[in-house]
Amino acid sequence: MKNRLYKYYPEDFGELTVDVLHMNLVFDVYDDRTNVKSLLRVRTKDAPIETLELNCRDLEIRAVSCIQSEVSYRYRQDDAILEINFRDVIPPHTEIAVVTDTVCRPTKNVLEGLYYDETPAGAPPQQITQCQQWGFQRIVPCIDDMCAKCTYRTTIIADSRYTNLITNGDVVVERHTVKPGRDKIVYDNSVTPMATYLFFLGVGTYATFTREFEYPDGETFMLELLVPPGSNAEAAEKALDILHDSAMWVYLFTGAEQFDEDKLPVRKELWELVRKREKIKLDAKSESPLEEELQAVRDELAKLNGAITPGYKYTGTVYREIGMQNSDFGGMENVGNTTITTNRIMPTQQITDPAFEYMIRVKVHEYYHNQNGSEVTGKSPFEIWLNEAVTVHVEEQYHAFLFGEDYQRIGRLLDLFAPASGTFALDSGAASMPIIPDGFNDPNDLITAVTYVKSPEYVRMVETLIGKDTFVRGLDRYFKKFSHSNAATQDWIEVMEEESGQPLKEMAETWLKQTRFPVVEVSAEYDMPSRKFTFFLKQQVPAGGKPWEFPFKAALVDENGNDLAEVLERISGETAEITVENVDMPSFLSLNRESSFYGKLVYRASQEELLLQVRKDSDITGRFTAFYTLVDREKLRLLKVPGAAPSEDFIELYYRLFNDRQLLERAGGQFLAIFESVEDEEFAHHYQALFDVKKTLLQAVAWKYRNSLISSYHFFENTSVARDASLEETARVIKGRQAKNVCLGVLATLDTPDIHALIKQQFETAACATDRLSAFAAYLNSSAPDKIEVLRAFEAESKQNLVAWETFLAVIGNNSSIDAVELVREMERSPAFRIEQTNDQRALYGSFARNRKKSLQTEEGRALFAEILKKLASVNEFSTVNMLNAFANIDQMESKYHIPLVKILADLLGELDSQKFPSVYNRIRKLLLGAPKAVKTYGIEHGEIKALHSEKPLA
């Protein structure tokens, strides 16, 4: 039998033997159990059936029957299958109804199916579901498959003290008391047939906030926000404003004609008129009626609305966001009921700027899933990439709408290039997997940066090749063709080919099935007599792999930053030549403009060319990659020559960029990011040395331009004040605040008493969480004599609020002080730290795992990391697998780390049950198989790791 690395492969997902039509469900919910009665209607296909297998995991079976036939049943618990055998053969095209009576029992740490969430004081236990991907079978016997789309009628009976009893669909029987202490409510979900993974059930105690959503044509539905009791009403109302704008933007600025330039002014006018209408409606609540003015705006909206072809329009009567405190995911779409992590659902006082941006993104992301994911659903978990990639693509358009395209693309480059957690790092390490992998152990394995970053970049490359107009027309055709059904990857590609007339299948095969990314070496020559310029491209193709196909956008630029010529070519072979005729000799080249393809470039530009490009390139990604290259060269020089001083070129450049106000207004302080990394593999995993080199660079800037940096700090401090409450103004403020805190970080490297005072002043007077956390992190890493006193006070304060506690833990896990490891140990011993809470896991343990100079390269850090992995594996596999990615480059690290790091993994592998923890077990195997040198060295001292050669397949 083959040695399987994965539990599930594509061949495990075949055609269903029946069509699922409807489920009639009754949930009788108690504190420790839920009794579930189900009537499942299915229809046989072209073949008769004698047996029906239902997915059924960890349920108590009370009764099983079929209305049309006598049955016997067998519960194969190890297979999680309820096998139903019919006495009479069920003929083809025959409808039957299977009735089950079962019990499910919620848990605190298995965050799938029905589980306990954070319960408000004095309330009955908060219970919610998570069905992505196979949680539904933990609630009720079912055909738990993405193709099992059907309608639902759901009855909930629960404790009368719950403020909310919710599920998918519209209320058809209002909530009423059925006996003392027990209430009942009935929902119908028949407009959008729904895959099982989109089912939601929640019984809880919430503060409920509502707002009417009104389309330009006058149609309405209700927006609801369910958050913890006592939540700040102003923050909740702002959250509803943000949700309202997200849904309205999808309607006005997406769809088949969204890039029609003639209609863009109309869409913008509609956007402003909607805001005017909403203000009038709000004012009318507190002042005298403004009916005439309101009607005039509505009339104008209706008139203009007829001039555009809008995007997606919601089909339900209520769209609800529910705060979930404990979840593996930041958000989850559930047809009309989106769950969002409570720490990111509202703009509370404790929320940081990155969390605020995440909140904006997740709201539009999950809302858009109503169309892409719910109405059109992938055929199997191997299509999760498709549900997510197109949705992220639209999410990024909305983010750019508010923050600017330049800011959005620089943010994406940071996601790609970041060490440890960056997509390039993950996509080139031992844990790398293709967009569509060969197999998986749990669907959660597919929730990675490859799915959420690489696959949207692939979609963006398709858009670049076929053109934006063609792309959205193709997307519209795809949604119409597969509305209320399932689509495979091939279906999406074929629709895009039909719309564009361009071949895309071969390109898709490589991008979707091959790991890593193209590394493209570029050289060039200019022929003066003929005024001809030629690019020469050569891809580095992985052994046994194929060249990638991608769009390559580049420009020849003069000394003033003017484009002499721009090219966009489709590259398909290992080598390519691109010729530009009749052009002057450029001063520099702007390559991979707008980050036109997902990959890295190797171009040996001179120092002078790069310095000019950083200052003059009109393409923001070109400016950033030139800056990144210059900084990379500078870091490498210092690593190769210990004790060398940073160059004047670098110091001057960084200072100039700090004073380029126009640049920072466009790109924010994120443009100035310097990573603890280098491209050179010899030094790429010297984590402590890279930290020290970064500090040396910033310290050199701080010593030379100390007074100027302090002036810049105060300038950004003054400009980081909002002039109004609009999202666009919030975006401007966030960019300025980024620049201010980068400035503070540079000054903090001086570690002098006056700078300590500046940092402490910001910490004590900060008006927002970002400023406070930035100052706290800087103070914690300083030599300030009272930093432990500040830490203790801030710890005590943070424990009072779950959002603040999460951000506090993240700073602790990522800190670089000498006592970093002991501080992490201290926090996990705190009564406030709960290992079963994913926010706590991600914040403290996740940030510590990525802090590789401590977690991997110190003895005490390795000891702690081993303990964490051992404890967490049995609590949350998803979090553990993500933390294991820190081990993705063992072979590339210095040999002294090989044995101790392999030992951590080998010991854990020896203790884990491969059947109970398949994702963790097989991720460790994959990491070890990807580190043959280190494993061989370990084997000499400790013997062979037997689990690496086990022939036992996973169940």
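All heavy atoms count here, side chains included; hydrogens, waters and symmetry mates do not.
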[Y] and [X], any side-chain heavy atoms less than 4.5 Å apart:
{"X": "E577", "Y": "L537", "value": "no"}
{"X": "V602", "Y": "V522", "value": "no"}
{"X": "I384", "Y": "N387", "value": "no"}
{"X": "Q502", "Y": "R570", "value": "yes"}
{"X": "E257", "Y": "R267", "value": "yes"}
{"X": "R732", "Y": "S720", "value": "no"}
{"X": "T464", "Y": "F597", "value": "no"}
{"X": "Q738", "Y": "F716", "value": "no"}

Answer yes or no: does atom [atom1] of [X] have more than 12 heavy-atom neighbours from other residues, nucleotides or ligands under 6.0 Å?
{"X": "K513", "atom1": "NZ", "result": "yes"}
{"X": "K538", "atom1": "NZ", "result": "no"}
{"X": "K546", "atom1": "NZ", "result": "yes"}
{"X": "E506", "atom1": "CD", "result": "no"}
{"X": "E272", "atom1": "CD", "result": "yes"}
{"X": "K480", "atom1": "NZ", "result": "no"}

Kindly compute the distance separating [atom1] ([X]) from [atom2] ([Y]), expressed to the nearest 0.5 Å.
{"X": "M461", "Y": "L504", "atom1": "CE", "atom2": "CG", "result": "11.5 Å"}
{"X": "L709", "Y": "L747", "atom1": "CG", "atom2": "CG", "result": "5.0 Å"}
{"X": "D563", "Y": "D617", "atom1": "CG", "atom2": "CG", "result": "7.5 Å"}
{"X": "F627", "Y": "I410", "atom1": "CZ", "atom2": "CD1", "result": "10.5 Å"}
{"X": "T451", "Y": "L386", "atom1": "OG1", "atom2": "CG", "result": "11.5 Å"}

Using the ring of each side chain (for Trp, its six-membered ring), is [X] parallel, tilted or perpendicular to [Y], with breaks at 30° and 60°?
{"X": "W492", "Y": "Y478", "result": "perpendicular"}
{"X": "Y368", "Y": "F479", "result": "perpendicular"}
{"X": "F658", "Y": "Y654", "result": "perpendicular"}
{"X": "F675", "Y": "Y628", "result": "perpendicular"}
{"X": "F424", "Y": "F417", "result": "perpendicular"}
{"X": "H685", "Y": "Y687", "result": "perpendicular"}
{"X": "F253", "Y": "F401", "result": "tilted"}
{"X": "W548", "Y": "W511", "result": "tilted"}

Original post:
Do S587 and E609 pass the side-chain hydrogen bond (donor to acceptor under 3.5 Å, both in side chains) test, and can you show the C-alpha distance, the side-chain angles, and the key distance before you say yes or no?
Top reply: CA-CA 7 Å; S587 297; E609 286 177 279; over 6 Å; no
Can you give me the closest heavy-atom contact between [X] and [Y], atom names plus distance?
{"X": "L591", "Y": "A554", "result": "CD2-CB, 3.9 Å"}
{"X": "Y407", "Y": "Q670", "result": "O-NE2, 2.8 Å"}
{"X": "D619", "Y": "S590", "result": "CB-OG, 4.0 Å"}
{"X": "M433", "Y": "T515", "result": "C-CG2, 3.6 Å"}
{"X": "K704", "Y": "I651", "result": "CD-CG2, 3.8 Å"}
{"X": "G930", "Y": "A430", "result": "CA-CB, 3.8 Å"}

Thinking salt bridges, do [X] and [Y] make one under a 4.0 Å N-O criterion?
{"X": "E357", "Y": "R361", "value": "no"}
{"X": "E665", "Y": "K735", "value": "no"}
{"X": "K600", "Y": "E679", "value": "yes"}

**OP:** For T391 and E388, run side-chain hydrogen bond (donor to acceptor under 3.5 Å, both in side chains): C-alpha distance rounded to whole Å, both residues' side-chain angles, the deciding distance at 0.1 Å, then the answer.
**Re:** CA-CA 5 Å; T391 302; E388 297 304 334; 5.3 Å; no
Would you check if there is a donor-acceptor pair between the side chains of [Y] and [X] at a distance under 3.5 Å?
{"X": "Q540", "Y": "E521", "value": "yes"}
{"X": "D527", "Y": "S530", "value": "yes"}
{"X": "T489", "Y": "W385", "value": "yes"}

Original post:
With P586, which residues qualify under side chain to side chain contact (heavy atoms under 4.5 Å, CB included), at least two apart?
Top reply: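 Expected list: F533, L556, L564, L589.
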Original post:
Going through the checks in order, is the salt bridge (Lys or Arg N to Asp or Glu O under 4.0 Å) test met by K635 and D692?
Top reply: CA-CA 10 Å; K635 287 184 289 189; D692 295 338; over 6 Å; no
Original post:
So, Y251 versus W271, ring centres under 6.0 angstrom or not?
Top reply: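 Distance test on ring centres: not under 6.0 Å, no.
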Original post:
Below 6.0 angstrom between ring centroids: does that apply to F471 and H393?
Top reply: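 Ring-ring flag for F471/H393: true, centres closer than 6.0 Å.
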Original post:
For E581 and R531, what are the C-alpha separation, side-chain angles and deciding distance, and is it a salt bridge (Lys or Arg N to Asp or Glu O under 4.0 Å)?
Top reply: CA-CA 7 Å; E581 304 280 358; R531 300 182 66 243; over 6 Å; no
Original post:
Between R623 and D660, is a salt bridge (Lys or Arg N to Asp or Glu O under 4.0 Å) present by the stated rule, with each step listed?
Top reply: CA-CA 13 Å; R623 291 185 73 176; D660 189 338; 3.1 Å; yes
Subject >> Test side chain to side chain contact (heavy atoms under 4.5 Å, CB included) applied to N741 and L744, step by step >> reply: CA-CA 5 Å; N741 285 310; L744 186 71; 4.2 Å; yes
Original post:
Taking D406 for the side chain and R666 for the main chain, is one N or O donor matched with an acceptor at less than 3.5 Å?
Top reply: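 No.
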**OP:** Could you go through the side chain to side chain contact (heavy atoms under 4.5 Å, CB included) check for T423 and Y598 one step at a time?
**Re:** CA-CA 10 Å; T423 315; Y598 171 86; 3.4 Å; yes
**OP:** Take R473 and D469 through the side chain to side chain contact (heavy atoms under 4.5 Å, CB included) test and state the conclusion after the steps.
**Re:** CA-CA 6 Å; R473 287 198 308 271; D469 285 316; 3.7 Å; yes
**OP:** Would you please test K481 and V495 for side chain to side chain contact (heavy atoms under 4.5 Å, CB included) and show each step?
**Re:** CA-CA 9 Å; K481 183 174 182 179; V495 168; 4.2 Å; yes
Original post:
Do R661 and F715 meet the cation-pi criteria used here (NZ or CZ under 6.0 Å from the six-membered ring centre, within 45° of the axis)?
Top reply: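 The answer is yes; both the distance and angle limits are met.
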Subject >> salt bridge (Lys or Arg N to Asp or Glu O under 4.0 Å) between E457 and R409, intermediate numbers included >> reply: CA-CA 11 Å; E457 288 298 300; R409 285 312 282 166; 3.1 Å; yes
